[in-house]
2 protein chains.
Amino acid sequence: MMKSSAEQAAIEKRLKAAGVRPTAQRIALARFLLNGADHPTAEDVKKWADENFPKMSLATVYNTLALLVRAKLIKEVKLPHTSRVIYDDRVSAHYHFLDEKSGKIYDVDPSEVEVKPRLKKNASVRGVEVLLRGRWESESRQIRERRGKTHVQ
Amino acid sequence: MMKSSAEQAAIEKRLKAAGVRPTAQRIALARFLLNGADHPTAEDVKKWADENFPKMSLATVYNTLALLVRAKLIKEVKLPHTSRVIYDDRVSAHYHFLDEKSGKIYDVDPSEVEVKPRLKKNASVRGVEVLLRGRWESESRQIRERRGKTHVQ
DNA sequence: TTCTAAATTTAGAACTATTCTATATATGAT
DNA sequence: ATCATATATAGAATAGTTCTAAATTTAGAA
Ligand SMILES: [Mn+2]
Ligand SMILES: [Mn+2]
Ligand SMILES: [Zn+2]
Ligand SMILES: [Zn+2]
């Protein structure tokens with residue numbers, strides 16, 4: 001586990017390198033977003049701030065998210081199952097998996113899904129977005145059995 | 001071209017078959033949505049109604065869209081480039097192509113894009129959504145030339 | 001034909017997520 | 001310390017959609 005102050009220094013360096021002035025609020029949010037948060041919404045980020053950096057305004061949360069997106073330290077992701085934007089510290093192109101039971105989003109490396117457009121139309125494809133839906137964790141044998149038949153003592 | 005009254009009768013039949021009572025408003029909207037509209041937003045539908053069925057309320061537009069979705073005569077589609085829902089008269093699974101120049105959405109048959117998930121994780125994939133982005137119409141030679149070099153008389 | 005109960009339509013209020021505006025505060029170079 | 005600029009803040013405004021309560025329309029029943 002990285003020491004908190006060392007982690008803070010590393011975040012400050014990343015912010016500066018990206019041309020973002022490292023204010024107290026930005027450092028706090030960047031620490032959350034870049035180490036630990038997992039596809040949070042703006043509301044998730046505000047909730048974290050309320051618990052860990054009291055008095056931060058919602059405007060600062062949105063301002064900082066937009067700033068970090070512009071600086072390419074995080075990415076905005078819009079998925080069809082919710083109207084909330086989620087923020088992603090993985091900034092390279094990748095796909096997502098939505099676990100329909102838990103609502104959780106998992107990252108999927110592009111190498112894990114072969115996508116080959118063979119369009120009839122002679123169009124130029126400049127990008128592909130893929131969302132997989134299903135169950136991320138396979139159900140355990142126990143749970144499957146419990147669902148499949150009435151339990152007899 | 002189908003005669004208007006025959007078309008109306010066909011729409012009424014489809015509504016009844018789907019368990020939807022064919023009121024005047026619903027027939028009008030279904031005609032637009034099922035014959036002619038191309039991935040309209042609720043706003044597009046309201047605009048059409050204002051021109052073709054005056055006095056229809058926005059609530060009726062939304063109520064009817066929700067009803068037709070429940071009846072599986074249309075599908076809701078949420079794409080990442082806009083916060084507006086679009087409505088699709090193609091109800092079977094398919095993909096979409098966003099022309100980034102025009103903003104227009106085109107349907108892509110699943111057979112036109114090979115998608116093979118090979119996840120490391122042992123997850124069960126129950127559905128796949130694909131959005132392709134790019135230029136649907138290839139640029140013409142003329143336009144490419146005009147962009148590529150200064151035009152000399 | 002009324003009558004009636006249920007379904008539908010309507011106008012506008014409410015709501016959610018986000019962006020904007022105006023003011024206050026903090027920063028850091030001189 | 002002063003000043004100019006950047007940042008943070010509270011709350012208003014906005015966009016898209018859903019909800020609420022009242023009015024209208026409808027399909028049968030009488
Ligand atoms: Mn991370
Ligand atoms: Mn059509
Ligand atoms: Zn991701
Ligand atoms: Zn479509």
Side-chain angles (χ1 to χ4, degrees), chain A residues 11-12 15-16 18-33 39-50 52-71 73-88 103 105, chain B residues 11-12 15-16 18-33 39-50 52-71 73-88 103 105:
Chain A
I11 289 287
E12 277 194 52
L15 292 177
K16 278 183 196 150
V20 174
R21 269 182 26 179
T23 64
Q25 287 88 341
R26 289 169 180 178
I27 292 165
L29 293 180
R31 285 177 71 179
F32 177 57
L33 289 161
H39 299 102
T41 63
E43 189 186 36
D44 294 332
V45 176
K46 180 57 162 61
K47 187 153 153 287
W48 179 90
D50 286 345
N52 296 275
F53 195 113
K55 308 294 176 196
M56 192 186 300
S57 74
L58 180 57
T60 294
V61 169
Y62 275 105
N63 287 343
T64 302
L65 287 169
L67 187 67
L68 297 179
V69 168
R70 268 182 273 125
L73 290 168
I74 60 176
K75 238 184 6 181
E76 275 190 15
V77 178
K78 290 174 186 170
L79 296 178
H81 69 301
T82 169
S83 54
R84 296 156 137 92
V85 171
I86 68 174
Y87 295 90
D88 201 332
I105 296 295
Chain B
I11 289 287
E12 277 194 52
L15 291 177
K16 279 184 196 151
V20 173
R21 267 181 27 180
T23 65
Q25 287 90 342
R26 290 168 180 178
I27 293 165
L29 293 181
R31 285 176 70 179
F32 176 57
L33 289 161
H39 298 103
T41 62
E43 189 186 38
D44 293 332
V45 176
K46 178 59 161 62
K47 186 152 153 285
W48 179 90
D50 286 345
N52 296 275
F53 195 113
K55 308 294 178 194
M56 191 187 301
S57 74
L58 180 57
T60 294
V61 169
Y62 276 105
N63 287 343
T64 304
L65 287 169
L67 186 68
L68 297 180
V69 168
R70 268 181 274 126
L73 290 168
I74 60 176
K75 240 185 4 181
E76 275 189 15
V77 178
K78 290 174 186 172
L79 296 178
H81 68 301
T82 170
S83 54
R84 296 155 136 92
V85 172
I86 69 173
Y87 295 89
D88 200 332
I105 295 295

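Each chain gets a letter, A, B and so on, in the order its sequence line appears, and its residues count up from 1.
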Checklist entry - What does B:Thr23 touch in the nucleic acid at a heavy-atom separation under 4.0 angstrom: a base, only the sugar-phosphate, or nothing? => result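 Sugar-phosphate, no base atom in range.
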Next on the checklist: So B:Ser83, base contact, sugar-phosphate only, or nothing? Heavy-atom distance under 4.0 Å.
Outcome noted: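 Here B:Ser83 touches the backbone only, sparing every base.
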Tell me the interatomic distance from [X], atom [atom1], to [N], atom [atom2], rounded to whole angstroms.
X	N	atom1	atom2	result
B:Leu65	D:dC19	CG	P	15 Å
A:Leu58	D:dA13	CG	P	17 Å
A:Met56	C:dA26	CE	P	14 Å
B:Asp50	C:dA11	CG	P	11 Å
A:Asp44	C:dT18	CG	P	11 Å
A:Lys16	C:dT27	NZ	C1'	14 Å
B:Lys55	D:dA23	NZ	P	19 Å
A:Leu29	D:dT7	CG	P	14 Å

Checklist entry - Is a side-chain donor or acceptor of B:Asp44 paired with a backbone partner of B:Thr41 at a separation under 3.5 angstrom? => result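 At least one qualifying donor-acceptor pair exists.
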Item to check | Expected output: side-chain B:Arg26 to main-chain B:Thr64 donor-acceptor under 3.5 Å | outcome: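 A pair under 3.5 Å: no.
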Next on the checklist: How long is the straight-line distance from OH of B:Tyr87 back to CD of B:Glu76, given to the nearest 0.5 Å?
Outcome noted: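 Going from the CD atom of B:Glu76 to the OH atom of B:Tyr87 covers 4.5 Å.
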Checklist entry - How many angstroms lie between CG in A:Leu58 and NZ in A:Lys46, if you round to the nearest 0.5 Å? => result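 That separation rounds to 6.0 Å.
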Checklist entry - Where is the tightest heavy-atom contact between A:Pro80 and B:Lys78, given as atom of each residue plus distance? => result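 Looking at all heavy atoms of both residues, the shortest contact is O-CD, 3.1 Å.
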Which nucleotide sits closest to the side chain of [X]: [options]?
X	options	answer
B:Ser57	D:dT7, C:dT18, C:dT10	C:dT10
B:Arg21	D:dG11, D:dT17, C:dA7	C:dA7
A:Asn63	D:dT7, D:dT9, D:dT17	D:dT9

Checklist entry - Considering heavy-atom distances to DNA chain D, does B:Ala24 or B:Thr82 have its closest nucleotide positioned more toward the 5' end? => result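 Whichever sits nearer the 5' end wins; that is B:Thr82.
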Checklist entry - Using a cut-off of less than 4.0 Å, is there contact between a side-chain N or O of A:Gln25 and OP1 or OP2 of D:dT9? => result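 Looking at the OP1 and OP2 atoms of D:dT9, one of them is under 4.0 Å from a side-chain N or O of A:Gln25.
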Checklist entry - Hey, does the side chain of B:Tyr62 come within less than 4.0 Å of D:dT18's phosphate (OP1/OP2), counting only N and O? => result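 For D:dT18, OP1/OP2 do not have a side-chain N/O of B:Tyr62 under 4.0 Å.
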Checklist entry - So which nucleotide does D:dT2 pair with, by the Watson-Crick or G-U wobble rule with both distances under 3.5 Å? => result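 Across all strands, the one nucleotide that pairs with D:dT2 is C:dA29.
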